Amino acid sequence: LDKSNSTSKNKFPDYFKFGAATASYQVEGAWNEDGKGENIWDHITHTNPTYVENEDNGDVACDSYHKYKEDVAMLKDLGVDYYRFSLSWSRILPYGVAGSPVNKLGIEYYRNLTQELLDNGIEPMVTLFHWDTPEPLQELGGWPNPEMEEHYAYYARTVFEQLGDLVKIWLTFNEPKQTCLEGYGKGVKAPAFTTTGMADYKCTHTLIKSHAKAYHIYDEEFKSKQGGRVGMVIDTVWFEPASGSEKDAEAAERAIQFTYGWYGNPIILENYPQVMIDRIDERSKQQGFAQSRLPKFSEEEVNYIKGTYDFVALNMYTANYAEWKEETDISDVGYDSDLNVHLFMDDSWEESASSWLRVVPWGLRKTVNWLSKTYNNPEIFITENGVSDRGGIDDPQRINFYREYLSNLVDAIVEDGVNVTRYTAWSLMDNFEWGSGYSEKFGLYSVDFSSPERTRTKKASADYYSQVISTRCLVDSCE
Ligand code: PNW
């Protein structure tokens, strides 16, 4: 695309907002302070330390529990409009379960952080759940147990009551696909179960119902007085057909339906994607299951779930090629064989420190266009986008990443008419990158994890992002 003759094409609209994100377990530390209960990441890192690279854990992390004022000062310096952070369920409800006592000190921490943001003119955007399930709930079976809906509803109501006067944007779940598929299906996230093709589907079923319930609780009990909005963060990579063939196009569409659509369709449209229902029903039957491995929503549930969003939220980092493949072994029970698409990356795509993440900026433009078309032009928030390296203050690769992805985003908005209103950089600072520990760095600020002070230092990319935010523009020449 030739943008040389139009400067305004590089400009984000005036209403557009920029933010930065973190998540509780990845930054807070203070894992057992002030009455916080144990969660599944505390549990797995303490009982099975080699689960994470270098035996890292989030016991201290960035120590944001004590250093939140420094974090807010960094956000202020960046000039962001809002800060996306998550609440630790175990810090608020140490026992996790419905009806259990609220930890006043936990609430106080989040009220202090939120007030500090507001005092600095930064809007809070709050995720209720970013993967850190309370351990007592995991011991009741965790997300595949339908009972979780009741526990989550109690937690959500508690949070709306305690923080709803200050917070106007709520995200019920972060990337539930990672919780369900990676946590219960593939074992690469806590609680590390590997019952794919069953537990991941049950987890999703309960989680979607939990989301819908929280949405309705807010809508009925809080919205009229608090005036906020509620949505769910769903992630996907962009799936590009491996060739121009019909079959590869079908494979790519099936892959995004099994990824974004798995969660997006029930909430934004109606029920699971038909291609998931058909394939999993059929494969289950051939495998001798008396019913489908994909649970069914009743008609009443379908109607209760549909429409439970005030905006559509997307985490997006990278892309895969999708290639059609022959049906292979019917006896294999699992999400991957239910999907049955050959996914791969192009060797020419620039690498990052994360094996799953290659730099594919045009994927963002295609993804938001797909969302807009599939879900009838909703308001879209980008709730995460960013890149990892191995560290250092001078980070030209990250500057280039942000420049290229933002350039594609502005094209999607200005040229394609997609209604994206927010962009969130992952992450404000280097933090605990789950199974990779502290080895992969996504921050705009570096954190010295070898120092008890957890000293934060601004990277070159933070200056770049600041400049984009203050000018709403990607190039110096635009206005
Ligand atoms: C996100 N993918 O996870 C999480 O929300 C963050 O907590 C995490 O730190 C960040 O990305 C970086 O990993 C994702 O393959 C992991 O598409 C993988 C994918 C997407 C999101």
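By convention here, the first residue in the shown sequence is residue 1. Basis for what follows: all heavy atoms, side chains included, without hydrogens, waters or symmetry-related copies. All of these numbers come straight from a predicted model, not from anything done at the bench.
No hydrogens or angles considered: a donor-acceptor pair under 3.5 Å links the side chains of W143 and T133. Side-chain contact annotation: E175 with N315, donor-acceptor N/O pair under 3.5 Å present. Using a 3.5 Å distance cut-off with no hydrogens or angles, the side chains of Y402 and N385 do not pair a donor with an acceptor. Looking at Y65 and D34, their side chains do bring a donor and an acceptor atom within 3.5 Å of each other. With hydrogens and angles left out, the side-chain atoms of Q115 and D119 include a donor and acceptor closer than 3.5 Å. No side-chain donor-acceptor contact under 3.5 Å links Y15 and T421.
Taking 4.0 Å as the cut-off between side-chain N and carboxylate O, E123 and K17 count as a salt-bridged pair. Taking a cutoff of 4.0 Å between a charged side-chain nitrogen and a carboxylate oxygen, D77 and R456 do not qualify as a salt bridge. A salt bridge links D430 to K459: at least one charged side-chain nitrogen sits closer than 4.0 Å to a carboxylate oxygen.
In terms of the ring-ring contact (aromatic ring centres under 6.0 Å, His included) criterion, residue partners of Y405 (sequence neighbours excluded) are, by chain and number, F401. For Y218, there are no side-chain hydrogen bond (donor to acceptor under 3.5 Å, both in side chains) partners two or more places apart in sequence or in a different chain. Y335 is linked by a ring-ring contact (aromatic ring centres under 6.0 Å, His included) to F258, W262, counting only residues two or more places apart in sequence or in another chain.
Ring pair F18/Y465 is perpendicular by interplanar angle, where above 60° counts as perpendicular and below 30° as parallel. Using a 30° and 60° split on the angle between ring planes, F442 and Y317 fall in the perpendicular class, above 60°. Ring geometry, H130 versus W426: the interplanar angle falls under 30°, so the pair is classed parallel (tilted spans 30 to 60°).
Annotation: cation-pi pair K306/Y304 absent, no NZ/CZ under 6.0 Å from the ring centroid and within 45° of its normal.
Between Y215 and W170, the distance from one ring center to the other does not fall under 6.0 angstrom. A ring-centre distance under 6.0 Å is not found for H211 and Y309.
Side-chain N or O atoms of D310 include one that pairs as donor or acceptor with a backbone N or O of V230 at under 3.5 Å.
Put simply, OG on S86 and CG on N174 are 8.0 Å apart, with the number rounded to the nearest 0.5 Å.
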Exercise for review: For R472 and D81, run salt bridge (Lys or Arg N to Asp or Glu O under 4.0 Å): C-alpha distance rounded to whole Å, both residues' side-chain angles, the deciding distance at 0.1 Å, then the answer.
Suggested key: CA-CA 12 Å; R472 253 60 187 170; D81 300 297; 2.7 Å; yes
